[in-house]
Undergrad: 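The structure's right below; bear with me while I get my questions together.
Computed from a prediction, not measured in an experiment: that's the story for all the values here. Values below: every heavy atom of this structure, side chains too, minus hydrogens, waters and symmetry copies. Proteins get letters first, then strands, A, B, ... in listed order; numbering begins at 1 in each.
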Amino acid sequence: TMYITVILFLCSSVIRLYTSHVTEISCIKGCLNFDPSSGIPPLWTSLPPEHWTRHHVCDWLQYCCDSYKLDAAYISFSHFNVLGVQLCSMTKEDFTEAAGICGQHLYSILQDIRTNGEAEGDTEFFECLMWILIILGMQSSHLWEFLRDLLLSSEDTSGILDWEDQEQGIFRVVKSEALAQMWGKRKHNDRMNYEKLSRALRHYYKTGILERVDRRLVYKFGKNSYGWH
DNA sequence: CCAACGTTTCCTGGTT
DNA sequence: AAACCAGGAAACGTTG
C-alpha cells in the first residue's frame with residue numbers, strides 16, 4: 001500500500017507538471033535525445049560538465065560524434081583525456097587544436113550544455129521519469145483517476161474540487177464547468193462540459209467505482225476504486 | 001477486422 | 001429560471 005501510494009503521488013505530480021507544458025505524448029518523445037527502447041540516458045546528461053569524470057567526457061565525445069555526425073578521425077582523443085573541470089577551462093583555440101573544425105563544434109555544444117545545464121538536467125530527469133511511467137502504463141487516463149489525482153494533489157486546484165470527507169471518499173465539485181474544462185483539456189476535447197462529465201460519472205454507479213450521494217455536486221468513491229485514502 | 005471498454009453525445013423527463 | 005440529476009440509446013476512439 002505504501003509503495004502504491006508513493007508511486008501514485010509521484011505519478012500525479014510528474015504528470016501534472018508535464019501536462020501543464022506538454023500536450024501530447026509524441027511531444028515528449030520528440031524532446032528526448034535518447035532512444036528509450038535502448039535504456040536509460042547517459043549519466044553525463046544529468047551532471048554539470050564541471051563534475052564529469054574522464055569517463056563522462058569520453059561518453060560525451062562519443063555521443064557528439066554519433067549525434068552530430070562528427071568524424072572521429074579528426075579528433076585527438078589524447079587531448080580529451082581530461083576531467084570535466086579541465087574540459088571546461090579549455091578555450092575555443094584549445095578545442096580547435098585538439099579536433100580542428102570538429103573542435104569548434106564540440107566547443108559550442110559544450111558551452112550550450114553549460115549555459116542550459118541546470119535546467120536541462122532537471123527536465124531530462126523528469127522526461128526520463130515520465131517515460132518510465134508511460135512505459136509502465138501508469139498514466140491515469142480514466143475520469144475517476146483524474147478526479148482522484150486532482151483531489152490528492154497538493155497543488156492548488158483553485159477550489160474546483162474538494163474533499164468533503166476524505167476518510168469516506170466523499171468529495172464535492174465546487175466549480176463544475178471549470179472542472180469540465182480541465183477534463184476536456186486532458187482529453188483534448190474542448191466541447192466537454194459538466195453535463196457530459198456528470199453523465200460519465202453516473203455510469204460509474206453501476207460499476208462500483210462511485211456510490212451515489214443524494215446531494216448536489218457531491219460524489220463518493222466506491223468499493224471498486226482505489227488510491228484515494 | 002472484430003469486440004470490449006470507457007466514455008461522449010444527445011435526449012427526455014424530473015428535482016432543487 | 002438556471003443548474004443539477006437519472007438513465008436510455010447510440011456513436012466514438014482506443015486497445016487487446
Undergrad: Using whole Å, report how far OH of A/Tyr194 lies from C1' of C/dA3.
TA: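 Value for this atom pair: 10 Å.
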Undergrad: How do A/Glu195 and A/Thr207 order along DNA chain B: which one's closest nucleotide is nearer the 5' end?
TA: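 Between the two, 5'-proximity favours A/Thr207.
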Undergrad: Does OP1 or OP2 of C/dC5 have a side-chain N or O of A/Arg212 closer than 4.0 Å?
TA: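 No, outside the criterion.
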Undergrad: Whole-Å distance between B/dT8 C1' and A/Arg186 CZ?
TA: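 For the pair A/Arg186 CZ and B/dT8 C1', the rounded distance is 17 Å.
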Undergrad: Just wondering, are more than 12 heavy atoms of other shown residues or ligands nearer than 6.0 Å to NE2 in A/His79?
TA: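 Enclosed.
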Undergrad: Would you say the side-chain atoms of A/His188 and A/Lys185 include a donor-acceptor pair closer than 3.5 Å?
TA: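 Absent: no donor and acceptor within the cut-off.
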Undergrad: Within less than 4.0 Å of OP1 or OP2 of B/dT7, is there a side-chain N or O belonging to A/Asn189?
TA: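 Result: no.
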Undergrad: Can you identify which nucleotide, out of B/dT8, C/dG7, B/dG6, has its nearest atom closest to the A/Lys187 side chain?
TA: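 Side chain of A/Lys187 sits closest to B/dT8.
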Undergrad: Nearest-Å distance, CG (A/Leu201) to P (C/dG7)?
TA: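 Interatomic distance, CG of A/Leu201 to P of C/dG7: 14 Å.
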Undergrad: Mind checking A/Ser176 for me? I need base, sugar-phosphate or nothing, with any heavy atom below 4.0 Å counting as a touch.
TA: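 Contact class for A/Ser176: sugar-phosphate only.
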Undergrad: Look at the side chain of A/Arg199 and the base of C/dA6, then say whether one donor and one acceptor between them are separated by less than 3.5 Å.
TA: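 Not at all, since no donor on one side and acceptor on the other fall under 3.5 Å apart.
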Undergrad: Look at the rings of A/Phe221 and A/Trp228 and say which category their plane angle falls in: under 30° parallel, 30 to 60° tilted, over 60° perpendicular.
TA: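 Rings of A/Phe221 and A/Trp228: parallel, as their planes differ by under 30°.
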Undergrad: Would you say A/Tyr205 places a side-chain N or O within less than 4.0 Å of OP1 or OP2 belonging to C/dG7?
TA: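 Answer is no, no contact under 4.0 Å.
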Undergrad: Which base, if any, makes a Watson-Crick or G-U wobble pair with B/dT15, both distances under 3.5 Å?
TA: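 C/dA3 is the nucleotide pairing with B/dT15.
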Undergrad: Once rounded to the nearest 0.5 Å, what's the spacing between atom CG of A/Asn81 and atom CG of A/Leu87?
TA: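 With rounding to 0.5 Å, CG (A/Asn81) is 11.5 Å from CG (A/Leu87).
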Undergrad: Expressed as a whole number of angstroms, how long is the span from A/Arg202:CZ to B/dG6:P?
TA: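 Between P of B/dG6 and CZ of A/Arg202: 18 Å.
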Undergrad: Should we count OH of A/Tyr74 as having more than 12 external heavy atoms under 6.0 Å?
TA: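 12 or below, so no.
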Undergrad: So, is A/Trp183 close to the B/dT8 phosphate, meaning a side-chain N or O under 4.0 Å from OP1 or OP2?
TA: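 Indeed, a polar side-chain atom of A/Trp183 lies that close.
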Undergrad: Does B/dG6 have OP1 or OP2 sitting under 4.0 Å from an N or O in the side chain of A/Tyr204?
TA: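 No, A/Tyr204 has no side-chain N/O under 4.0 Å of OP1/OP2 on B/dG6.
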Undergrad: Just the rounded figure in Å: distance from P of B/dC5 to CG of A/Leu143.
TA: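 Distance, rounded to whole Å: 18 Å.
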Undergrad: Could you please spell out the steps behind the salt bridge (Lys or Arg N to Asp or Glu O under 4.0 Å) verdict for A/Glu50 and A/Arg114?
TA: CA-CA 9 Å; A/Glu50 287 81 359; A/Arg114 290 182 71 190; 3.2 Å; yes
Undergrad: What is the distance from CD of A/Glu145 to C1' of B/dT7, rounded to the nearest Å?
TA: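 Atom-to-atom, A/Glu145 to B/dT7, this comes out as 13 Å.
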Undergrad: Which is true for A/Leu197 with a 4.0 Å heavy-atom rule: it touches a base, it touches only sugar-phosphate, or it touches nothing?
TA: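 Nothing: the residue A/Leu197, judged by heavy atoms under 4.0 Å, touches no strand.
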Undergrad: In whole angstrom, give the distance that lies between atom CZ of A/Arg191 and atom C1' of B/dT8.
TA: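 Distance, rounded to whole Å: 9 Å.
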Undergrad: If you assign each of A/His203 and A/Arg216 to its closest nucleotide in DNA chain C, which residue comes earlier from the 5' end?
TA: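 Between the two, 5'-proximity favours A/Arg216.
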Undergrad: For A/Lys196 and B/dT8, is the shortest distance between a side-chain N/O and OP1 or OP2 below 4.0 Å?
TA: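 Answer is no, no contact under 4.0 Å.
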Undergrad: Send over the distance from A/Arg215 CZ to C/dC5 P, rounded to a whole Å.
TA: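 Answer to the nearest Å: 12 Å.
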